Amino acid sequence: MKKLISILGLIIAINIIFSQFLDAFQSFQRPLIDQRIIKGLIYNEYTNYVSYLALGLWLLLNYYLEGFRFNSFLIIIAQFFFYLDNAFSLKSILSNASAFFAILYIWSLIKQKNFSLPQPKGKFRTCYKQIQLKDKYQTIVSVYYPCRDQKQKDFDIKWLPNQKYSKQIYERMQLQLKWVPHHFIFDFGLSFLNYITFKASLEQPLINDNLDVVIFSHGFTQHRNAYTFLCQELASEGNVVFSLQHQEMVYPWDLNKTKILNSGNKPEVMEKYQNLRATHLDWRCEQVKYLIQQLKCGKIQEIFEHFKPQSINLIGHSFGGATVLKVAQEIKVESVISYDPWLFPFNKEEFKKQVQARTLILSKDKNRFKQEVFEPKLLMDFLENRNNVEHYRIKGLDHAYPNDLTYLLATELTLFGELRSSKNIQQINELLISLAKKFIKTIPFTQEEMNQFY
């Protein structure tokens, strides 16, 4: 069905371009040929009605079956200018505009990488279940685990757990940029995420009652399923992965007075923002520590009967990377892996406090933001005088990795500057996962992997 919708959009765009080409061709008077005859044979007024019907069908199919992406605006704008051109005959302006947007739409279809989430490559089948903890936050957790292969059917699991995601992305962009388009643009352009699914088994028994546990903490404005590729891959290797849903406000006060992430903010505003995120960091840590306590006390047996964790490991990205580092400062766990941690919420004591676990920090090789909250010096301050922390900068790594959006929104993230390129997405994500799997099992990295360190 996706191919059908793409082909239909392509036909609409080609129809617009062909029509404008005929109009331009007709404007040149040729003594040997009557251009009106040519256009009458190939293109007539009924073609206009067909193109409008095709657009209507394309809109309906997208709305009910696939959702819209940001490039959907291009074909809608092209068709709108095409309609105005036919209605008012403003050839020199609207015809060129409609053809331009139609060509841009075709280019976006060619360049756009419509990745689906890769299937896990480990030796075990993966199962998925959603649970709710009995902590004060009533934390919802996605659990990915290795299950017995009983030739069961895999189900399509909805990737997006709620309808608030586009609003959170819009609010985060408002914090980062001086100008952001209306939130409708985000609701429309990200609506396809409501139709994204991943495959997993349901309600199947664990392969073993004694397995390694990974607790995953997601990044700011993300959600518990936003790292499904990573979590499923770890589960397929024999780990039980708990991915928690964190809740924090994006901007809780007057946005017009606190464009926090724009440079030039007053120190008192930055201090206020740091205190706010420090509070959110405490909330996140309480959720993770509660789950650790449940696992250590055997209360998770309400979900997995007779299950005893062989080890407890923490993994987090961005704000989640800071979360797992702080938790490991307070509770002893087996290992910690932090992907490009956002350490702005840390206070002075937390920068000095030791981590009670083997720790691996993987960070980007270049800093895109030149702003205080993304200052690389924060990471350097944290790493000072720490013997049990391994830190590697990865070539080509951007802050968005290893989020699933690097697959689902590769082209858009590249255009927005969140990714430098969409060419090596698979390789970088697989490298990050391989390093994590080996670090948990205390397996040395290969020379090929170490060649990717900056």
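Keep in mind that this is a model prediction, so the values were computed, not measured.
For the atom pair CD1 (Ile103) and CD1 (Ile14), the distance works out to 11.0 Å, reported to the nearest 0.5 Å. Summarising the geometry, atom CZ belonging to Phe124 is positioned 9.5 Å from atom CG belonging to Asn239; distances are rounded to the nearest 0.5 Å. Atoms OG1 and CD1, on Thr414 and Ile425 in that order, are 6.0 Å from each other to the nearest 0.5 Å. A distance of 6.5 Å separates CG in Leu74 from CD1 in Ile77, rounded to the nearest 0.5 Å. In this structure, CD in Glu248 is found 9.5 Å from CG in Leu276, a value given to the nearest 0.5 Å. Separating the CG atom in Leu419 from the CG atom in Leu405 is a distance of 9.5 Å, to the nearest 0.5 Å.
When all heavy atoms of Trp159 and Ala226 are compared, the pair lying nearest together is CZ2-CA, 3.7 Å. Minimum interatomic distance between Ser335 and Ile440 (heavy atoms only, all atoms of both residues): OG-CG1, 4.1 Å. Nearest heavy-atom pair across Asp398 and Glu418 is CB-O, 3.4 Å. Pairing each heavy atom of Gly238 with each of Leu211, the nearest pair is O-CD2, 3.6 Å. Here the closest heavy-atom approach between residue Ala235 and residue Pro146 is recorded as O-CB, 3.3 Å. Shortest non-hydrogen contact noted between Tyr128 and Tyr145 is N-CE2, 4.4 Å.
Each salt bridge (Lys or Arg N to Asp or Glu O under 4.0 Å) pair with one or both residues in residues 335-345, not counting sequence neighbours, appears once here: Asp340-Lys364.
Tyr407 pairs in a ring pair (Phe, Tyr, Trp, His ring centres under 6.0 Å) with only one of the listed residues (Tyr401, Phe198, Phe229), which is Phe229. Here the rule is side-chain contact (heavy atoms from CB on, under 4.5 Å) with Val333, and of Thr359, Val324, Ile292 only Ile292 fits it. Looking at Ile312, Leu295, Val214 one by one, the single match for side-chain contact (heavy atoms from CB on, under 4.5 Å) with Phe242 turns out to be Leu295.
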Any chance you could lay out the side chain to side chain contact (heavy atoms under 4.5 Å, CB included) test for Lys134 and Thr139, step after step, and finish with the verdict? CA-CA 7 Å; Lys134 297 178 181 179; Thr139 304; over 6 Å; no

Worked verdict on Val241 versus Ile215 for side chain to side chain contact (heavy atoms under 4.5 Å, CB included): CA-CA 6 Å; Val241 184; Ile215 298 176; over 6 Å; no

I would like to know whether Glu233 and Lys437 meet salt bridge (Lys or Arg N to Asp or Glu O under 4.0 Å); could you show each step before the answer? CA-CA 9 Å; Glu233 188 63 35; Lys437 290 189 293 189; 3.6 Å; yes

Passes salt bridge (Lys or Arg N to Asp or Glu O under 4.0 Å), Asp135 versus Lys289? Steps please. CA-CA 10 Å; Asp135 60 342; Lys289 288 188 289 186; over 6 Å; no

Using side chain to side chain contact (heavy atoms under 4.5 Å, CB included), reason through Phe68 and Leu190 one step at a time and then give a plain yes or no. CA-CA 7 Å; Phe68 298 96; Leu190 294 174; over 6 Å; no

Quick one: do Ser434 and Glu449 satisfy side chain to side chain donor-acceptor pair (under 3.5 Å)? Show the steps, please. CA-CA 9 Å; Ser434 176; Glu449 290 168 336; 2.5 Å; yes

Please evaluate residues Leu202 and Asp154 with respect to the criterion side chain to side chain contact (heavy atoms under 4.5 Å, CB included), reporting the C-alpha separation (whole Å), side-chain torsions for both, the decisive distance (0.1 Å), and the verdict. CA-CA 7 Å; Leu202 296 175; Asp154 282 342; over 6 Å; no

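Put simply, the side chain of Leu206 reaches to within 4.5 Å of the side chain of Val240, judged on heavy atoms. With contacts defined as side-chain heavy-atom distances shorter than 4.5 Å, the pair Leu59/Asn62 does not qualify. With contacts defined as side-chain heavy-atom distances shorter than 4.5 Å, the pair Ile75/Trp58 qualifies. Using a 4.5 Å heavy-atom cutoff, the side chains of Gln79 and Ser98 are not in contact. Using a 4.5 Å heavy-atom cutoff, the side chains of Ser236 and Lys121 are not in contact. Considering only heavy atoms from C-beta on, Phe382 comes within 4.5 Å of Phe346 through its side chain. By the 4.5 Å heavy-atom criterion applied to side chains, Val288 and His246 are counted as neighbours. Residues Gln427 and Asn424 have side chains in contact (heavy-atom distance under 4.5 Å, counting atoms from C-beta outward).
Looking at Asp365 and Lys395, no side-chain N of the basic residue comes within less than 4.0 Å of a carboxylate O on the acidic one, giving no salt bridge.
A side-chain donor-acceptor contact under 3.5 Å links Asn313 to the backbone of Val213.
Aromatic ring centres of Phe216 and Tyr227 lie closer together than 6.0 Å. With ring centers used as reference points, His218 lies 6.0 Å or more from His223.
Asp187 pairs by the salt bridge (charged side-chain N to carboxylate O under 4.0 Å, His left out) definition with nothing, not counting sequence neighbours. For Gln232, the side chain to side chain donor-acceptor pair (under 3.5 Å) test picks out Thr126, with sequence neighbours left out. Applying the salt bridge (charged side-chain N to carboxylate O under 4.0 Å, His left out) criterion to Lys199, with sequence neighbours excluded, gives Asp156. Taking the ring pair (Phe, Tyr, Trp, His ring centres under 6.0 Å) definition, one finds that Tyr290 meets it with nothing, sequence neighbours left out. In this structure Phe81 satisfies the ring pair (Phe, Tyr, Trp, His ring centres under 6.0 Å) test together with Phe101, sequence neighbours excluded.
When only modelled atom types and interatomic distance are considered, Ser318 and His399 share a side-chain donor-acceptor pair under 3.5 Å. Tyr339 and Ser363 are not linked by any side-chain donor-acceptor pair at a separation below 3.5 angstrom, with hydrogens and angles left out of the test. Using modelled atom types and a 3.5 Å distance limit, the side chains of Asn225 and Ser243 yield no donor-acceptor pair. Remark: the Glu286 side chain and the Tyr137 side chain contain an N/O donor-acceptor pair separated by less than 3.5 Å. If you check the side chains of Tyr165 and Gln222, you find a donor sitting under 3.5 Å from an acceptor. Looking only at atom types and distance, the side chain of Gln130 has a donor-acceptor partner in the side chain of Arg224 under 3.5 Å away.
Within a 6.0 Å radius of CD in Glu448, other residues, nucleotides and ligands contribute 12 heavy atoms or fewer. Atom CZ of Phe453 is surrounded by more than 12 heavy atoms from other residues, nucleotides or ligands within 6.0 Å. The 12-atom threshold is exceeded at CZ of Phe351, counting heavy atoms of other residues, nucleotides or ligands nearer than 6.0 Å.
Ring geometry for Phe184 versus Phe73: interplanar angle over 60°, hence perpendicular rather than tilted (30 to 60°).
For the pair Arg284 and Phe319, the distance from NZ or CZ to the six-membered ring centre is under 6.0 Å and the angle to the ring normal is within 45 degrees.
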